[in-house]
Amino acid sequence: DVCSSDLELRDRGGWEYAHRTVGRAVVAIVAVDDDERVVLVEQFRPAVGCPVLELPAGLVGDQHDDERFEEAARRELLEETGFEARSWTNLLDVTSSSGLTDERVRILVAEGLEQVGEGGGVDGERITIHLVDVATLGRWLSARARAGDAIDSRVFAVPMFLQMVKGGEASASPPPA
């Protein structure tokens, strides 16, 4: 129960919310290999007290202040999964949990993956990597949810994110977060 200087509790018009003082945004990566499998990660999240299935993700600007979104996404994908990608698409910005925090998440799609490392995270993250066929992702997630597994809500949107890229609806440069 130690408070961190990395978070502040702020008030806006009587509404309290958490603000991150380290990093300026978050990137989340929809990484798809040439076999149409999406890369998901699973790691213990103390806030909910259990492992959570998620997109690979991380802070932008926690390494250095001028870190770009794609640079942070490349770093996080490699650290968490051991993959590098040939192509990147900026998709859109979403809110994380708008009733609790002002955090915004940039969704990027990474394609043409190559395994160049082990992944698993840094600093004791102990990340498990899952490769799931995009065509059966919904059934796989439903089975995991029925088994009681915690799943980050953005994972359920993966098919829509990929359809946006294929349909040309991706933004070449989303607004800065």
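Basis for what follows: all heavy atoms, side chains included, without hydrogens, waters or symmetry-related copies. Position 1 is the first residue of the sequence; numbering continues from there. Just so it is clear, the structure is predicted and the values come from calculations on it, not from any experiment.
Within the model, atoms CG of L92 and CZ of R106 stand 9.0 Å from one another, a figure rounded to the nearest 0.5 Å. In this structure, F156 CZ and L53 CG are separated by 8.5 Å, a value rounded to the nearest 0.5 Å. Summarising the geometry, atom CG belonging to L131 is positioned 12.5 Å from atom CD belonging to E36; distances are rounded to the nearest 0.5 Å. The CD atom of E54 sits 7.5 Å away from atom CZ of R154, with the distance rounded to the nearest 0.5 Å. To the nearest 0.5 angstrom, L77 atom CG is 4.5 Å from W88 atom CH2. To the nearest 0.5 Å, atoms CG (L40) and CG (L141) are separated by 7.0 Å.
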Test side-chain contact (heavy atoms from CB on, under 4.5 Å) applied to V132 and V38, step by step
CA-CA 5 Å; V132 183; V38 66; 4.2 Å; yes
Run the side-chain contact (heavy atoms from CB on, under 4.5 Å) test on D123 and E79 for me, step by step, so that the C-alpha distance in whole Å, both residues' side-chain angles and the decisive distance to 0.1 Å come before the verdict.
CA-CA 10 Å; D123 300 328; E79 288 174 1; over 6 Å; no
Kindly determine whether L108 and V27 satisfy side-chain contact (heavy atoms from CB on, under 4.5 Å), including the steps that lead there.
CA-CA 7 Å; L108 296 100; V27 289; 3.8 Å; yes
Just do the side-chain contact (heavy atoms from CB on, under 4.5 Å) check on V30 and L91 with the steps written out, would you?
CA-CA 10 Å; V30 179; L91 194 53; 5.7 Å; no
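Scanning all heavy atoms of the two residues, the minimum distance from F69 to A25 falls at CE2-CB, 3.7 Å. Closest heavy-atom contact between V52 and R45: CG2-CG, 3.8 Å. Minimum interatomic distance between L137 and V155 (heavy atoms only, all atoms of both residues): CD2-O, 4.1 Å. The heavy-atom pair separating A85 from A110 by the smallest distance is CB-CB, 3.6 Å. In terms of heavy atoms, A28 sits closest to L55 at CB-CD1, 4.2 Å.
Residues V41 and I151 fall into different hydrophobic clusters, defined by Ile, Leu, Val, Met, Phe, Trp and Tyr side chains chained together at heavy-atom separations under 4.5 Å. Side-chain heavy atoms closer than 4.5 Å link hydrophobic residues (I, L, V, M, F, W, Y) into clusters, and following such links, possibly through other members, connects M160 to V165.
In this structure, the side chain of E76 does not engage the main chain of A73 through any donor-acceptor pair within 3.5 Å. In this structure, the side chain of E84 does not engage the main chain of L78 through any donor-acceptor pair within 3.5 Å. For Q115 (side chain) and T81 (main-chain N/O), a donor-acceptor pair under 3.5 Å exists by modelled atom type. Counting only distance, with no hydrogens or angles, the side chain of D33 and the backbone of D35 share a donor-acceptor pair below 3.5 Å.
Judged as a side-chain hydrogen bond (donor to acceptor under 3.5 Å, both in side chains), the pairs with a partner in residues 127-151 (not counting sequence neighbours) are, in order, E42-H130, E42-R144, R144-D149.
The pair R75-E71 does not count as a salt bridge, with every side-chain nitrogen at least 4.0 angstrom from each carboxylate oxygen.
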